[in-house]
Amino acid sequence: MTQELLDTMPALRIGRPLVVAIDGPSGSGKSSVSKEVARRLRLAYLDTGAMYRALTWYCVTNGIDLDDAASVEQASRDLVLELSTSPQQEFVRVGGVDVTDAIREPAISSAVSAVATTLGARTELIRRQRELIEKHHRRMVVEGRDITTVVAPGAEVRMLLTASEEARLRRRGIQLGGTQNAEQLAAQVTHRDAKDSTVVNFTQAADGVVTLDSSDLDFEQTVDAALVIVTKVLNRD
Ligand SMILES: Nc1ncnc2c1ncn2[C@@H]1O[C@H](COP(=O)(O)OP(=O)(O)O)[C@@H](O)[C@H]1O
Ligand SMILES: Nc1ccn([C@H]2C[C@H](O)[C@@H](COP(=O)(O)OP(=O)(O)O)O2)c(=O)n1
């Protein structure tokens, strides 16, 4: 879809609220596709997974027991977090420390589910996510696991981005530069999803949520398909 066409669509005019909520499993392309969709639609961008990762980094760094729900919940309130909401720039800082790369390390990926399944911590991060959406006047692409269902069920556009398990494992393997063997990849993709889905459902689209299956699409085709969904949903309403 050309930029000229997008820029002239009345439904996409600046000033109107436009929350695009995108959920999906690990490796489905949420972060990369959402960021590009935000750039194309000139919207802010929120990676909610980065918030769960930042909280995990904070807990691990401060020796907080991840099995102690009360301590993890307290940590979620103490967390001093700065997170980029620009799709042009990526940074995450915790207490002034740059953790942009550290939160993507396999050690954090393996620990993050323990934090993400602590309900009290979810409540606090969801509160912060909603605050960020309001701060951006509801003009934002927000991606995660529970955005379409819990964080922003009233979003103008709600999408579930999926891909086959095989495609997701392959993509994550390439993304990590071939450093992980099959077992390590499965731990970071399939097993993590299994743990995470005990608290949120991101495998089936809720009512009103459009599914985009990217298994047989390349990155550009997926971005284009997501933009088509956005324009169709907006022109329908
Ligand atoms: N449709 C696609 N086809 C091929 N690779 C893709 C596609 N979408 C995303 N990718 C790549 O797959 C990897 C995982 O995507 P990412 O956006 O990190 O997924 P998620 O945020 O859902 O875990 C990235 O390297 C990304 O560039
Ligand atoms: N809205 C969200 C976003 C992420 N999470 C959890 C689930 C994931 O295991 C972690 C990290 O999310 P992230 O989107 O960075 O995960 P990926 O590695 O991109 O699949 O956070 C969540 O529970 N709810």
Side-chain angles (χ1 to χ4, degrees), residues 21-38 45-57 59 66 72 76 83 87 90 92 99-119 121-130 132-133 141-153 155 159-178 180 185 187-203 212-226:
I22 304 185
D23 287 327
S26 177
S28 59
K30 290 181 307 297
S31 300
S32 51
V33 171
S34 300
K35 211 180 285 178
E36 186 56 23
V37 166
Y45 162 70
L46 181 61
D47 174 357
T48 62
M51 298 175 74
Y52 287 92
R53 286 173 178 274
L55 175 57
T56 307
W57 181 90
C59 290
L66 300 184
V72 174
S76 73
L83 178 69
E90 182 183 355
V92 187
V99 297
T100 313
D101 296 329
I103 63 167
R104 310 280 165 200
E105 291 290 328
I108 299 298
S109 298
S110 334
V112 68
S113 294
V115 168
T117 52
T118 303
L119 297 181
R122 295 197 74 82
T123 303
E124 170 58 15
L125 293 192
I126 290 168
R127 186 193 67 73
R128 293 188 192 212
Q129 289 154 16
R130 289 180 176 150
L132 283 166
I133 296 171
V141 179
V142 189
E143 55 105 349
R145 304 288 192 285
D146 58 348
I147 314 305
T148 61
T149 51
V150 178
V151 177
M159 217 181 289
L160 183 72
L161 181 58
T162 63
S164 65
E165 187 172 314
E166 189 252 314
R168 293 187 291 111
L169 287 167
R170 179 166 25 85
R171 288 174 191 172
R172 187 63 92 221
I174 296 170
Q175 189 179 30
L176 294 172
Q180 309 289 299
L185 274 179
Q188 287 173 55
V189 177
T190 337
H191 302 170
R192 182 149 57 87
D193 278 345
K195 277 188 221 153
D196 294 337
S197 47
T198 58
V199 289
V200 264
N201 178 9
F202 50 83
T203 48
L212 169 51
D213 185 343
S214 70
S215 308
D216 300 320
L217 304 178
D218 66 20
F219 176 73
E220 294 301 332
Q221 290 170 328
T222 310
V223 170
D224 232 50

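Just so you know, ligand 1 is whichever comes first in the structure, and atom 1 is the first atom listed for that ligand.
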Review point. Who's the nearest protein heavy-atom neighbour of atom 10 (N) of ligand 1, and how far?
Key: Arg171 CD, 3.9 Å

Review point. Are any of the N/O atoms in Ser28 less than 3.5 Å from those in ligand 1?
Key: yes

Check your understanding: OG1/Thr203 to CG/Leu160 distance, rounded to the nearest 0.5 angstrom?
Key -> 8.0 Å

Exercise for review: For the residue pair Arg53 and Ser109, confirm or rule out a side-chain donor-acceptor distance under 3.5 Å.
Suggested key: yes

Exercise for review: Could you establish whether Gln129 and ligand 2 come within less than 4.0 Å of each other, counting only heavy atoms on the residue side?
Suggested key: no

Practice item. Considering heavy atoms of the protein only, find what lies nearest to atom 1 (N) of ligand 1 and give residue, atom and distance to 0.1 Å. Key: Thr222 OG1, 2.8 Å

Check your understanding: Heavy atoms only: which of Arg104, Arg53, Gln188, Arg168 is nearest to atom 18 (O) of ligand 2?
Key -> Arg53

Review point. Is there side-chain contact between Leu66 and Val115, with at least one heavy-atom pair below 4.5 Å?
Key: yes

**Study point:** pair Val141-Leu46: side-chain heavy atoms closer than 4.5 Å
**Key:** no

Revision key, fill the gap. Here the gap from Leu176 atom CG to Leu185 atom CG, rounded to the nearest 0.5 Å, amounts to 6.5 Å

Practice item. Could you check atom 21 (O) of ligand 2 against the protein and tell me its nearest heavy-atom contact, residue, atom and distance included? Key: Tyr52 CB, 3.4 Å

Review point. Quick one: nearest non-hydrogen protein atom to atom 26 (C) of ligand 1, plus distance?
Key: Ser32 OG, 3.6 Å

Point to revise | Donor-acceptor side-chain pairing of Ser214 and Arg171 below 3.5 angstrom | key: yes

Point to revise | Rounded distance (nearest 0.5 Å) linking atom CD of Glu124 with atom CD of Gln129 | key: 10.0 Å

Check your understanding: Where is the nearest protein heavy atom to atom 19 (O) of ligand 1: which residue, which atom, and how far?
Key -> Gly29 N, 3.1 Å

Exercise for review: Determine the sole option in Val200, Val150, Thr117, Val151 for which the side-chain contact (heavy atoms from CB on, under 4.5 Å) test with Arg122 is passed.
Suggested key: Val200

Check your understanding: Which residue owns the protein heavy atom closest to atom 12 (O) of ligand 2, what's the atom, and how far is it?
Key -> Gly49 CA, 3.4 Å

Exercise for review: May I ask you to test the Met159-Asp23 pair for a side-chain heavy-atom distance under 4.5 Å?
Suggested key: no

Review point. Which of these, Gln175, Arg168, Glu220, has its nearest heavy atom closest to atom 14 (C) of ligand 1?
Key: Gln175

Exercise for review: Using a strict cut-off of 4.0 Å, indicate which atoms of ligand 2 neighbour a heavy atom of Val112.
Suggested key: 9 (O), 10 (C), 21 (O)

Point to revise | Which of the ligand 2 atoms, numbered from 1, are nearer than 4.0 Å to a heavy atom of Arg192 | key: 8 (C), 9 (O), 10 (C), 11 (C), 16 (O), 17 (P), 18 (O), 20 (O)

Review point. Counting heavy atoms only, which part of Arg172 comes closer than 4.0 Å to ligand 1: side chain, backbone, both or neither?
Key: side chain

Check your understanding: Hey, is Arg104 close enough to Asp47 for a salt bridge, meaning N to O under 4.0 Å?
Key -> yes

Review point. Among protein heavy atoms, which lies nearest atom 3 (N) of ligand 1, and at what distance?
Key: Leu217 O, 3.3 Å

Exercise for review: Considering heavy atoms of the protein only, find what lies nearest to atom 7 (C) of ligand 2 and give residue, atom and distance to 0.1 Å.
Suggested key: Asp196 OD2, 3.1 Å

Exercise for review: Could you list the atoms of ligand 2 found under 4.0 angstrom from a heavy atom of Ala116?
Suggested key: 6 (C), 23 (O)

Study note, to complete from the structure: Heavy-atom proximity to atom 19 (O) of ligand 2, picking from Lys195, Arg172, Met51, Arg145, points to Arg172

**Study point:** Heteroatom proximity flag, Thr48 to ligand 2, N/O under 3.5 Å
**Key:** yes

Check your understanding: Pro25 heavy atoms, cut-off 4.0 Å: which ligand 1 atoms fall inside?
Key -> 22 (O)

Point to revise | Contact check: Asp146 vs ligand 2, nitrogen or oxygen atoms, below 3.5 angstrom | key: yes

Review point. Is the shortest distance from a Lys or Arg side-chain nitrogen in Glu143 or Lys35 to a carboxylate oxygen in the other one below 4.0 Å?
Key: no

Practice item. Report yes if Gly27 has an N/O atom closer than 3.5 Å to an N/O atom of ligand 1; otherwise report no. Key: yes

Practice item. Return yes if a side-chain donor-acceptor contact under 3.5 Å exists between Ser26 and Asp193, otherwise no. Key: no

Practice item. Give the atoms of ligand 1, by number and element, whose distance to some non-hydrogen atom of Phe219 is under 4.0 Å. Key: 1 (N), 2 (C), 3 (N), 8 (N)

Review point. Checking Thr198 side chain against Ala194 main chain: does a donor-acceptor pair fall under 3.5 Å?
Key: no

Check your understanding: Is any N or O atom of Glu143, backbone or side chain, closer than 3.5 Å to an N or O atom of ligand 2?
Key -> no

Practice item. Examine ligand 2 and decide if any of its atoms is less than 4.0 Å from a heavy atom belonging to Arg122. Key: yes

Practice item. Could you establish whether Gly24 and ligand 1 come within less than 4.0 Å of each other, counting only heavy atoms on the residue side? Key: no

**Study point:** Minimum side-chain heavy-atom gap Thr162-Phe202 below 4.5 Å
**Key:** no

Practice item. Would you mind listing which atoms of ligand 1 come within a distance below 4.0 Å of any non-hydrogen atom of Lys30? Key: 17 (O), 19 (O), 20 (P), 21 (O), 22 (O), 23 (O)

Review point. Heavy atoms, side chains only, cut-off 4.5 Å: are Leu55 and Leu125 in contact?
Key: yes

